[in-house]
Novice: 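I have a structure I would like to understand better, so I am pasting it below and will then ask my questions one at a time.
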Number of protein chains: 2
Amino acid sequence: MSETDLPQFPNARDAVRSLRASQIREVANAGFGVPDVLPFWFGESDRVTPPFIRDAASAALSAGATFYTHNLGIAPLRETLARYVSTLHGPTSVEHVAVTSAGVNALMLAAQLVVGAGDRVVAVTPLWPNLVEIPKILGAHVETVSLVYGANGWQLDLERLLAALTPDTKLLMLNSPNNPTGWVMSRDEQRAVLEHCRRLGIWIVADEVYERLYYAGEPGQSAPSFLDLAGRDERVICVNSFSKAWLMTGWRLGWIVAPASLMDDLGKLVEYNTSCAPAFVQQAGIAAIEQGGQFTRELVGELRVSRDHLVGALSALPGVDVKAPPGAMYVFFSLPGASRSLDLCKALVREAGLGLAPGSAFGPEGEGFVRWCYACDTARLDAGVARLKDYLARY
Amino acid sequence: MSETDLPQFPNARDAVRSLRASQIREVANAGFGVPDVLPFWFGESDRVTPPFIRDAASAALSAGATFYTHNLGIAPLRETLARYVSTLHGPTSVEHVAVTSAGVNALMLAAQLVVGAGDRVVAVTPLWPNLVEIPKILGAHVETVSLVYGANGWQLDLERLLAALTPDTKLLMLNSPNNPTGWVMSRDEQRAVLEHCRRLGIWIVADEVYERLYYAGEPGQSAPSFLDLAGRDERVICVNSFSKAWLMTGWRLGWIVAPASLMDDLGKLVEYNTSCAPAFVQQAGIAAIEQGGQFTRELVGELRVSRDHLVGALSALPGVDVKAPPGAMYVFFSLPGASRSLDLCKALVREAGLGLAPGSAFGPEGEGFVRWCYACDTARLDAGVARLKDYLARY
């Protein structure tokens, strides 16, 4: 190639250029300059992290926790996590637990562990785009199996999923409770999928970051987890995060539960990705789990109130089809105009000051819907619903 | 594949299993249980991050900076970095700067931007293993070109490097000032390599995290950088970190300077790797740069004193060949027994309580040497040298 053949402005490789950009950000950009937008588009509470967690980080900073840590995390946090996971899902020892630099970083590490160029990956959609895009960075092919929307909300077509999990499939990526639909995979569905994957040697990466945001069981109960069914040394990697249950989105702290036989290789990958999570952030993670039980239970109670309030208010609007989802912190609903959800969301932010996420941001299977994050108080939700009502009345 | 064909304990894919594990950690493990080890093996100062930086993080936590940030970093930090880079290396605007979750994370992102499966990458060694291993995670092939050790210390064989940079090469990875050797690439060498890579369309990823730890110029001056020569929209990606110049190893904060035409794609990759660096960590980064100029200059002065002190003390030992390197914070020297440097370093920690890094940890080209990090006071260096002297006297 000669100098003159080269493009004037260099580009990333094709696999990266073809990764999806965030449609939520596209909507937010469309609202640039609009005063007084009410944003419900991000997957984030409007509340600051509780003081006892922030104080723990500041105390660790004062105490000088500013050095590198072990790749897999500081021992006290791994021990705390092992106890926490054991309480929720049965005996889990430290050698099955690793600390990561966010839940999404845990997903990237899990993908790096098991998939390379040309591998076949299956994902259940609509889905937070990150799970679908991460394997593509590694050169893998991702097939999607869509949930089905019906009278009971979003449901899995189990037969279709099992049929897609062919012998040449390397990895199944699942997210339950699900972003954006709030779908929660049942214990029976998990069992059927696990047995199928066991038989064919297919890895399961389960993104369970919303497991505590579950409204169908006893207060504080976790959603069904693959950790309840699978042995700790099976081909199952469970990914979790401090972001949702302790309001720590901006901290970038997560963890992985995986076979002990993967841990040496996972340690190498952590070294080559971020080396470790910040030392004082890990200390804050200990405080979150050890002192945060009551906080999380109250948070889930508040989220349930917000969910029910929003579902009730949206149900009263003409042309809106909405059902109360059993998990996560989103209502994923259809309304007039949502068949072109990106255009609708851009219009909503520009013309009504209402910030929602378009369903198409979560794959073509999400088209026709919009996502509303209800992690805020009911007054704010009411203000948003009033804007939507006015907008719909105009069209 | 049937269930019975599967191994009992699942493994990571072959490309990951064959990644190098840290030989430094292997040496540290060999010293497990040895009381009173003097560790000089890690690339880290023994001093805590200065208070003005820790205080900035705590203040940001108090102020509630606990939310997601823009993928490319908060605007004030990007602006601060653009000013800082402009002062050191000429005009650089915000759209050429992105914040990352550590310097190593910046290297991973840079590699993801430009290399995929089957691509040819060239790296100059001995070298911090991360630069060589990261492309392999993406399925790339890495060829190495060794520095040459002679009367003037480690030097580049420019002709050999240019010959290795064939038309089918996608990426050159360089680290200057270099870990472990302290080698600093000259301006003329950079110019020749840049012109060659321009002609063939080869990307350059320059790991310049030690640029401020440079002892051959005026106090506080940076080592020669590709940013001094290259236009901001050329195929050059410069990686940097807060770890070394502000003693922020445990914070995991870095940055990238790259063509503006890459930034949208880089933002996607950040989203899929860590989404952002923690918000309050980014605030601390602003304090580091805006208030840390004097701190860094003093630090470099102290490191120079430590370097000269250590080189002088080691020179007096029998059989030791050591030269003062012009950059970074390591002395990479040969001594009796170092032809099997891993064994030697294990013996040193077990029998002398002295923690050094084996040269072979930095590639086969580093065999015959050991690395000593001198980022500590001279009394501690003297204690280490006394242990080495005793050990050598016994053999």
Side-chain angles (χ1 to χ4, degrees), chain A residues 1 3 6 9-13 15-17 19 21-22 42 44 48-49 54 57-58 61 64-69 101-102 104-105 108 112-114 116-117 130 133-134 137-139 167 198-199 201 233 235 248-252 259 261-262 264-265 268-269 271-275 278-279 281, chain B residues 1 3 6 9-13 15-17 19 21-22 42 44 48-49 54 57-58 61 64-69 101-102 104-105 108 112-114 116-117 130 133-134 137-139 167 198-201 233 235 249-252 259 261-262 264-265 268-269 271-275 278-279 281:
Chain A
M1 187 155 37
E3 198 165 352
L6 294 167
F9 295 105
N11 284 315
R13 62 193 170 106
V16 171
R17 295 182 76 191
L19 295 174
S22 168
F42 292 126
E44 183 169 53
V48 170
T49 307
R54 291 184 281 151
S58 292
L61 281 165
T66 64
F67 298 99
Y68 289 126
T69 80
S101 305
V104 66
N105 179 245
M108 173 58 84
Q112 289 182 6
L113 273 170
V114 297
N130 298 35
E133 301 302 291
I134 283 170
I137 297 170
L138 303 167
R198 268 180 190 152
R199 212 157 41 235
D233 289 308
R235 279 172 194 72
M248 291 176 70
T249 46
W251 295 67
R252 319 316 302 130
S261 54
L262 290 187
D264 284 350
D265 288 319
K268 291 188 286 184
L269 289 176
E271 169 66 25
Y272 300 139
N273 278 269
T274 65
S275 294
V281 168
Chain B
M1 187 153 35
E3 199 165 352
L6 295 166
F9 295 106
N11 283 315
R13 62 192 169 106
V16 172
R17 295 182 76 191
L19 295 174
S22 169
F42 293 125
E44 183 168 53
V48 170
T49 306
R54 291 185 281 151
S58 292
L61 281 165
T66 63
F67 298 100
Y68 290 125
T69 82
S101 304
V104 67
N105 179 245
M108 172 58 84
Q112 288 181 7
L113 273 170
V114 298
N130 299 34
E133 302 301 292
I134 283 170
I137 297 170
L138 303 167
R198 267 180 190 152
R199 211 158 40 234
L200 297 178
D233 291 308
R235 280 172 192 72
T249 46
W251 295 67
R252 319 314 303 130
S261 54
L262 290 187
D264 285 349
D265 288 320
K268 292 188 285 183
L269 289 176
E271 170 65 26
Y272 300 138
N273 278 268
T274 66
S275 294
V281 168

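All values below come from the heavy atoms of this structure, side chains included, with hydrogens, waters and symmetry mates left out. Throughout, a chain's letter reflects where its sequence line sits, starting with A, and its residues are numbered from 1.
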Novice: Locate the shortest heavy-atom distance separating A/V114 from B/R13; write the atom from each residue and the value.
Specialist: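 In terms of heavy atoms, the two residues are closest at C-CD, 3.8 Å.
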
Novice: Which bit of A/A15 is near chain B, if near means a heavy-atom gap under 4.5 Å: side chain, backbone, both or neither?
Specialist: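 Answer is neither: A/A15 stays 4.5 Å or more from chain B.
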
Novice: In terms of heavy-atom proximity below 4.5 Å to chain A, should B/A102 be classed as side chain, backbone, both, or neither?
Specialist: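 Side chain of B/A102 only, per the 4.5 Å heavy-atom cut-off to chain A.
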
Novice: For A/L269, which atoms come within 4.5 Å of any heavy atom of chain B: side chain, backbone, both, or neither?
Specialist: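 It is the side chain, since no backbone atom gets that close.
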
Novice: Under a 3.5 Å distance rule, please check whether B/N273 uses its side chain to pair with a backbone N or O of A/M108 as donor and acceptor.
Specialist: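 No; judged by distance alone, with no hydrogens or angles, the pair does not exist.
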
Novice: So, for B/L61 and A/A57, which heavy atoms are closest and what is the spacing to 0.1 Å?
Specialist: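 Between these two residues, the closest heavy atoms are CD1-CB, 3.7 Å.
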
Novice: Drop me the distance from B/E44's CD to A/Y68's OH, to the nearest 0.5 angstrom.
Specialist: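 Spacing of CD (B/E44) from OH (A/Y68) equals 6.0 Å.
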
Novice: Under 4.5 Å, counting heavy-atom pairs only, tell me which of A/G116, A/A279, A/G139, A/P259 racks up the most with chain B.
Specialist: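 Heavy-atom pair counts peak at A/G116.
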
Novice: Output the distance between atom CD (B/Q112) and atom CG (A/L19), rounded to the nearest 0.5 Å.
Specialist: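 Reported to 0.5 Å precision, the distance equals 9.0 Å.
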
Novice: Looking only at non-hydrogen atoms, find the nearest pair between A/W251 and B/P278 and report the distance.
Specialist: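 Closest approach of A/W251 to B/P278: O-CG, 3.4 Å.
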
Novice: At what distance, to the nearest 0.5 angstrom, does CG of A/L262 lie from CZ of B/R17?
Specialist: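 Between atom CG of A/L262 and atom CZ of B/R17 there are 9.5 Å.
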
Novice: Could you state the interatomic distance from CZ (A/R252) to CZ (B/R252), rounded to the nearest 0.5 Å?
Specialist: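 It comes to 15.5 Å.
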
Novice: Taking all heavy atoms of B/V16 and all of A/K268, pick out the closest pair and write down the distance.
Specialist: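 Between these two residues, the closest heavy atoms are O-NZ, 3.0 Å.
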
Novice: Tell me which of these, A/D265, A/I134, A/V281, A/N105, has more heavy-atom pairs under 4.5 Å with chain B than the rest.
Specialist: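 Ranked by heavy-atom pairs under 4.5 Å with chain B, first place is A/D265.
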
Novice: Do you know the tightest heavy-atom contact between B/T249 and A/F67?
Specialist: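 Smallest heavy-atom distance, with atoms named: OG1-CA, 3.9 Å.
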
Novice: Does A/P10 offer a backbone N or O that forms a donor-acceptor pair with the side chain of B/R235 under 3.5 Å?
Specialist: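 No, B/R235 side chain to A/P10 backbone: no donor-acceptor pair under 3.5 Å.
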
Novice: Could you tell me which portion of B/I137 (side chain, backbone, both or neither) has an atom closer than 4.5 angstrom to a non-hydrogen atom of chain A?
Specialist: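 Contact with chain A: backbone and side chain both.
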
